[in-house]
Protein chains: 2
Amino acid sequence: MKKLFNSQETMVDDMLDGFVSAYPQVQRGARDPRVIVRAKNKKDADKKVMLLIGNGSGHEPIAMGFVGQGLLDANVVGDVFAAPSADLILDGITEVSGEAGTILLISQHSGDMINGRAATMLAEDDGIKVVALPMYDDISAAPPERRHRRRGAPGTMFIYKILGAAAEEGRSLEALVALGQEVRERTVTLAAAVTPGVSPLTGKPMFSLPDDEIFLGMGVHGEPGIGRAKVGPVSGLVDQMVEKLLADRPLSSGAKACVIINGMGGTTQMELLTIWNETRVKLASKGISAIAPMIGSYVTTQEMGGFSISLLEPTDDMLACWCAPSDTPHFPAIDCAYEDLNS
Amino acid sequence: MKKLFNSQETMVDDMLDGFVSAYPQVQRGARDPRVIVRAKNKKDADKKVMLLIGNGSGHEPIAMGFVGQGLLDANVVGDVFAAPSADLILDGITEVSGEAGTILLISQHSGDMINGRAATMLAEDDGIKVVALPMYDDISAAPPERRHRRRGAPGTMFIYKILGAAAEEGRSLEALVALGQEVRERTVTLAAAVTPGVSPLTGKPMFSLPDDEIFLGMGVHGEPGIGRAKVGPVSGLVDQMVEKLLADRPLSSGAKACVIINGMGGTTQMELLTIWNETRVKLASKGISAIAPMIGSYVTTQEMGGFSISLLEPTDDMLACWCAPSDTPHFPAIDCAYEDLNS
């Protein structure tokens, strides 16, 4: 296998050694080195609600790259493509939790949900105030009337960032949970996969696909989607995807939509910028302003080729939180000045 | 070909439409839309020396992603893997040049050198004060005694950033050229290529390589390198590469080295962080402190798999400029606090 690591046994910890020695915003947790925490933990001094998430590794920079001021307080790092254990998540919750309470964000996938729910129950037994907030946005995984069964996809980054900024302001646990639920209600995502990545566990491509076909709706681990499309001008593919997103959650003329164009790893910046441009033009043709975009490979599946389009119809409060400054290793600056540029 | 674009004729301009509509720091030039300039051009108000570069596209985010405050004033964007014409570079020089003069950075490749030199001569004929500064750092392209014949590789980003910060401070044209030459003298880079990218021009892989081999020293367009290595634990590969870098430009125990670990496109964050970690450990074993790292896929060749290691032994002035704040679409925050973390 042509992956650049030392061994399957050490790959995650070698990565984490590199990570904490590169970025001053983060360090390993005191209770368990697989928990990445802010270098300056603020839990008691500021009575801040703490935010954390557990996830399998292999999708970097998410989520460890988003630990820092104005975003996450901790990330619990599982093995490659495997949810962290309930015990490990409990270590993360225990390390960061303070007086104001904690929110465990969970990107809805079965292992993450089972272990995350178990960890919150164990933490409550220890007297910790913690709420689990499942995140889901992938419209290909369930119809609108069963949207609570959808899986987490890159649109979950709206929740990370908006709650991160709001928590930094000192809002209450109850207010933050309600805000997160409202962002979730307003977010839709659809993905298209083009070429497989190679799993570092098996050394094999994660799926196969004819040379002229694209999968629509594939999940971040190669979960099945809703159909196939032929390779052709990307404007046609984006048109089709935006139509599906708007059919799922209609936006009226005059609306604004924050946009995430996420690359899966092997898709170039040239392609992602073109996809953003087509998304913007397509939305504009319906009177919808695409604003404050986040464009890049943030939720990856190794070097898989493909992308997703996520839309959020923001309230003014959500928009301010989305564009608020943060200081983490990998979350980009997002500027609401974009709104003026494109209107 | 499984690339996500509309047509070969429109791919660069579609990308640029997306780019300028996503990032408020940049806009298209008034003289030619293939020139990307700062949205707030500062040339006369501040008597600032202007910095620009021309390069072929297909390597994003470099160089257009580095236009903005504290970095480049303009980027002249050629077709995919093709240097921009002398006329186009002249348009870029003419648009940005003010009283304090201009530096045209040139990453040393034959087309870029020929067209860049021609453009500076044409600009001089028009009465513009402009200096061409060739950049080269790839130790595999020529021996130390002929280092001026080396090609540009990702270590050129040290020059971009350090001159960008110094120009923003208002330093003179002469001082900046001397500083750039001194950074160049102190920079060495070596690359390793693992898997080919697909050219958007031909739809074909850009080279072929046995399943268990790695090319050492390949250039960013697939130019030949200095040998092959077998796939194995990455620590052995990094050891070998660091030894070659230090043989080329020795660093004594107690020295500091700024490090760039650049991914070529298809190499994951997990791999790049592991490579950084091995580089740091290897340097530490020789008493050298690895500091202020830049880690990510900034100079890409489509989805090629591979990476380079660049080292700069900085003066205090260079280090301060390397870590100075900038505001561009893609240059990351680099923090000299890393020095303390690793010492």
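Scope of the values below: all heavy atoms of this structure, side chains included, with no hydrogens, waters or symmetry mates. Quick caveat: nothing in here was measured; it's all calculated off a predicted structure. Just so we're on the same page: letters track the sequence lines, and every chain starts at 1.
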### Task
Using non-hydrogen atoms and a 4.5 Å limit, figure out which bit of B/Met294 sits close to chain A: side chain, backbone, both or neither.
neither

### Summary
Ranking A/Asp13, A/Asp14, A/Ile214 by heavy-atom pairs under 4.5 Å to chain B gives rank one to A/Asp14

### Summary
Honestly, the part of A/Met64 sitting under 4.5 Å from a heavy atom of chain B is side chain

### Query
Which atoms of A/Ile275 come close to chain B, meaning under 4.5 Å heavy atom to heavy atom: side chain ones, backbone ones, both, or neither?
side chain

### Query
What pair of heavy atoms forms the shortest contact from B/Asn277 to A/Ser21, and how long is it?
OD1-OG, 4.0 Å

### Query
Any side-chain heavy-atom pair from B/Thr267 and A/Lys3 closer than 4.5 angstrom?
no

### Query
Where does A/Val231 contact chain B at under 4.5 Å (heavy atoms): side chain, backbone, both or neither?
side chain

### Message
Under a 4.5 Å cutoff for heavy-atom pairs, which residue among A/Asp17, A/Val259, A/Val238 has the most contacts with chain B?
### Response
A/Asp17

### Query
How many angstroms lie between atom CZ of B/Phe5 and atom OG1 of A/Thr268, to the nearest 0.5 angstrom?
9.5 Å

### Task
May I ask you to name which of A/Glu60, A/Gln27, A/Met15, A/Glu303 has the most heavy-atom pairs under 4.5 Å with chain B?
A/Met15

### Which portion of A/Leu209 sits near chain B, non-hydrogen atoms under 4.5 angstrom
both

### Message
For a quick test of reading the model, state the closest non-hydrogen atom pair linking A/Tyr23 to B/Leu273 and the distance between them.
### Response
CE1-CD2, 4.1 Å

### Query
Is the closest side-chain donor-acceptor distance between B/Gln269 and A/His59 under 3.5 Å?
no

### Query
Stepwise, does the side chain to side chain contact (heavy atoms under 4.5 Å, CB included) test hold for A/Met270 with B/Leu4?
CA-CA 9 Å; A/Met270 176 180 271; B/Leu4 300 161; over 6 Å; no

### Query
Do the side-chain N and O atoms of A/Glu278 and B/Asn6 include a donor-acceptor pair separated by under 3.5 angstrom?
yes

#### Entry: Option in B/Asp327, B/Asp211, B/Val281, B/Leu237 with maximal non-hydrogen atom pairs under 4.5 Å from chain A
B/Asp211

### Task
Against chain B, label A/Ser235 side chain, backbone, both or neither, depending on which of its atoms sit under 4.5 Å from a heavy atom there.
both

### Query
Which atom pair, heavy atoms only, marks the closest approach of B/Gly18 to A/Trp276?
O-NE1, 3.0 Å

### Query
Has the side chain of A/Lys2 got a donor or acceptor atom that lies under 3.5 Å from a matching backbone atom of B/Glu213?
yes

